[in-house]
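Shown next, in structure tokens, is the structure this report addresses.
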2 protein chains.
Amino acid sequence: MSLVVVGTMAFDAIETPFGKTDKIIGGSATYVAYTASNFIKDVQQVSIVGYDYPQEELDDLSARGVDLAGVEIVPDKKSFFWSGRYHMDMNTRDTLVTDLNVLADFNPVLPEAYRDAEFVMLGNLVPKIQQSVIQQMNKRPKLIVMDTMNFWMEVAMDDLKVTLSMVDVLLINDSEARQLSGEFSLVKAAKKILTMGPKYLIIKKGEHGALLFHGNDVFFAPALPLEEVFDPTGAGDTFAGGFIGHLAKTKDISFENMKTAIIVGSAMASYCVEKFGAERLKEITRADIDARLNEFVQLVSFDITLA
Amino acid sequence: MSLVVVGTMAFDAIETPFGKTDKIIGGSATYVAYTASNFIKDVQQVSIVGYDYPQEELDDLSARGVDLAGVEIVPDKKSFFWSGRYHMDMNTRDTLVTDLNVLADFNPVLPEAYRDAEFVMLGNLVPKIQQSVIQQMNKRPKLIVMDTMNFWMEVAMDDLKVTLSMVDVLLINDSEARQLSGEFSLVKAAKKILTMGPKYLIIKKGEHGALLFHGNDVFFAPALPLEEVFDPTGAGDTFAGGFIGHLAKTKDISFENMKTAIIVGSAMASYCVEKFGAERLKEITRADIDARLNEFVQLVSFDITLA
């Protein structure tokens with residue numbers, strides 16, 4: 001059961017109240033691939049990097065079974081670079097630098113072997129690029145999940161609406177859901193967004209957990225209460241990687257299994273934030289993942305015997 | 001199994017983005033009593049009101065089995081009055097008016113019949129008054145739950161620390177937990193607060209749910225995602241009333257049963273916010289409560305089969 005992952009592979013420089021990094025490896029597709037590869041081996045990566053992208057990072061992904069045939073290496077340009085500084089609450093951040101570099105030319109052509117994938121994860125990208133990927137598939141995938149951001153709502157809303165009409169699951173945060181719908185109440189926002197195309201909507205609320213909406217059903221997954229959030233960068237992409245990784249592994253896209261997938265995504269995200277960048281994701285084992293999943297079960301289990 | 005409830009019975013005037021009330025009935029003990037009386041009949045109310053407090057409101061509580069022997073009626077003063085305006089997010093509000101009136105003289109003397117109660121709910125009040133109530137009990141109650149607020153941390157921290165050392169469960173919101181502990185992380189805040197006296201700490205996060213801490217255990221209860229929060233006034237006291245009402249009904253103060261009690265509190269609070277003041281609480285039936293509890297079960301149930 002193969003999974004096509006489309007997104008950025010990039011350098012990030014991060015400042016938090018707890019520390020600071022020089023350029024480290026980041027990008028949405030990096031986080032999704034490191035995470036999803038814990039669950040399935042057929043991750044087919046679609047991205048673009050420059051001459052400066054470290055070969056050992058590509059080797060690391062290959063060693064985890066990630067297929068890099070869809071990753072274009074541009075010999076005369078630098079990789080995408082982002083730099084940001086988090087505020088004390090770790091929920092808000094300022095962007096210091098955005099150097100698109102190779103990303104300005106990103107026009108992915110899917111290798112033939114990718115075009116029959118049953119699962120597609122579209123990281124946050126120009127909506128037209130997301131559409132182009134879907135159009136290159138030989139048949140409609142079993143499940144298409146997309147991320148996006150407020151920037152595209154401001155500069156490319158018409159394109160974004162077209163992409164929305166082509167996908168199954170939209171993954172956004174609470175402020176993006178409010179902006180996309182024009183509704184403050186997340187329940188009302190969800191109702192509107194579910195008329196735009198996606199049959200499932202996941203609203204991520206950071207430390208406050210995530211909500212899954214489908215028809216009139218709603219499911220809530222908490223975030224694990226942590227002593228310290230060291231670096232939130234990539235937590236949303238890690239969540240996405242755990243979510244779609246679990247679904248692709250189990251081949252079950254029912255609402256019930258999506259609930260489990262969200263818990264898996266939340267567990268993976270809770271590891272991501274423990275160290276800078278994807279560092280922690282590279283270390284954890286299947287036993288670590290199971291231990292964390294068990295913490296989620298403990299966190300929300302209760303017994304109600306209706307009188 | 002009797003429950004002593006200590007707190008205010010008051011008038012509130014409320015403005016929200018959705019509407020405005022003149023003086024309506026409010027006060028912490030009012031919300032606790034309306035809620036807890038769904039679960040147990042022996043609610044023993046301790047409060048103070050003025051000549052202007054409507055007799056029919058007192059009759060309403062009596063009809064629900066609430067014992068008002070501990071409610072002092074001051075013939076020549078007005079009842080406590082609070083007025084506030086909520087912001088669009090409904091999580092923040094400005095206080096417009098606080099007229100203490102009778103509350104300035106509140107020095108509760110517990111009727112003899114109250115002094116053997118096994119459960120005590122101390123609403124947000126001057127910490128010395130909370131202490132005085134505990135000291136009037138004939139024997140140490142099975143469970144003492146207290147609420148407080150940031151104001152007492154600023155003007156009466158030493159007294160507050162004494163009260164904290166005398167109770168079992170502290171119920172506060174996230175900003176109060178941060179202020180009391182000096183820690184931003186709620187997990188770190190909880191560890192510190194649990195050394196101050198309470199063996200259980202509940203941190204209320206409004207629309208983001210509530211956390212229960214005990215030793216190294218933690219439980220998370222979501223808030224029900226609602227289309228509209230009409231008026232959040234009293235939601236915290238309603239939560240407290242559901243929590244202690246369930247515990248007093250079941251006479252079981254184990255951590256496991258506290259989890260259930262928090263879900264009961266959350267369900268009751270989700271009704272409270274649907275109308276102004278305590279209006280909705282006066283209407284709901286046992287069947288309504290069960291239906292809402294079932295929604296909570298649906299909201300967080302998931303199946304994890306560890307690989």
Side-chain angles (χ1 to χ4, degrees), chain A residues 17 39 88-90 174 183-191 203 205-209 211-213 217-229 246 249-250 256-264 267 286-287 289-291 293-307, chain B residues 17 39 88-90 174 183-191 203 205-209 211-213 217-229 246 249-250 256-264 267 286-287 289-291 293-307:
Chain A
F39 305 99
M88 185 63 202
D89 69 1
M90 289 290 212
D174 43 1
E183 293 285 351
F184 187 83
S185 152
L186 295 179
V187 176
K188 286 188 181 173
K191 286 198 174 162
I203 300 181
K205 305 197 296 170
E207 65 169 305
H208 300 303
L211 289 162
L212 167 66
F213 293 93
D217 291 330
V218 55
F219 172 69
F220 175 83
L224 200 69
L226 295 170
E227 281 211 26
E228 265 169 13
V229 171
H246 174 79
K249 174 189 174 188
T250 54
E256 282 306 311
N257 197 43
M258 282 198 193
K259 294 179 180 180
T260 307
I262 284 182
I263 297 291
V264 171
R286 184 68 227 187
I289 297 170
D290 286 349
L293 288 173
N294 193 43
E295 285 187 67
F296 274 85
V297 173
Q298 298 306 316
L299 182 64
V300 298
S301 299
F302 64 88
D303 178 40
I304 288 272
T305 311
L306 297 181
Chain B
F39 305 98
M88 186 60 203
D89 69 1
M90 290 289 210
D174 44 1
E183 293 285 351
F184 187 83
S185 152
L186 295 180
V187 176
K188 286 188 180 174
K191 285 197 175 163
I203 299 181
K205 305 197 298 170
E207 66 169 302
H208 299 304
L211 289 161
L212 167 66
F213 293 93
D217 291 329
V218 55
F219 172 68
F220 176 83
L224 199 71
L226 296 169
E227 282 212 26
E228 264 169 11
V229 171
H246 174 78
K249 173 190 174 188
T250 54
E256 281 308 309
N257 197 43
M258 282 197 192
K259 293 179 181 181
T260 308
I262 284 181
I263 298 291
V264 171
R286 183 70 226 187
I289 296 170
D290 286 349
L293 288 173
N294 193 44
E295 285 188 67
F296 274 85
V297 173
Q298 299 305 318
L299 181 64
V300 298
S301 299
F302 63 88
D303 179 40
I304 287 275
T305 310
L306 298 181

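Per chain, numbering begins at 1; letters A, B, ... match sequence-line order.
Shown here for A:Thr260 and B:Ile304, the closest heavy-atom pair between the two residues is CG2-CD1, 3.6 Å.
Ring geometry for B:His208 against A:His208 counts as parallel: the plane angle stays under 30°, on a 0 to 90° scale with 60° as the upper cut. Ring geometry, A:Phe220 versus B:Phe220: the interplanar angle falls under 30°, so the pair is classed parallel (tilted spans 30 to 60°).
No other option in A:Ile263, A:Asn257, A:Ile262, A:Leu186 has as many heavy-atom pairs under 4.5 Å with chain B as A:Ile263. Counting heavy-atom pairs closer than 4.5 Å to chain A, the top residue among B:Gly209, B:Ala190, B:Pro225, B:Ser301 is B:Ser301. In terms of heavy-atom pairs under 4.5 Å with chain A, the best-connected choice from B:Leu211, B:Val264, B:Val218 is B:Val218.
Heavy atoms of A:Met90 lying under 4.5 Å from chain B are absent altogether. For chain B, the nearby parts of A:Glu207 are the backbone and the side chain; heavy atoms of each come within less than 4.5 Å. In this structure, the portion of A:Phe184 lying under 4.5 Å from any heavy atom of chain B is its side chain and not its backbone. Contacts of B:Leu212 with chain A are absent, with no heavy-atom separation under 4.5 Å from either backbone or side chain.
Put simply, the side chain of A:Ser185 never gets that close to the backbone of B:Glu228: no donor and acceptor are under 3.5 Å apart.
Surrounding NZ of A:Lys188 are more than 12 heavy atoms belonging to other residues, nucleotides or ligands, all under 6.0 Å away.
The CG atom of B:Leu299 sits 9.0 Å away from the NZ atom of A:Lys259 when rounded to the nearest 0.5 Å.
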Test log, rule side-chain contact (heavy atoms from CB on, under 4.5 Å), inputs A:Phe302 and B:Val300:
CA-CA 10 Å; A:Phe302 64 88; B:Val300 298; 3.4 Å; yes
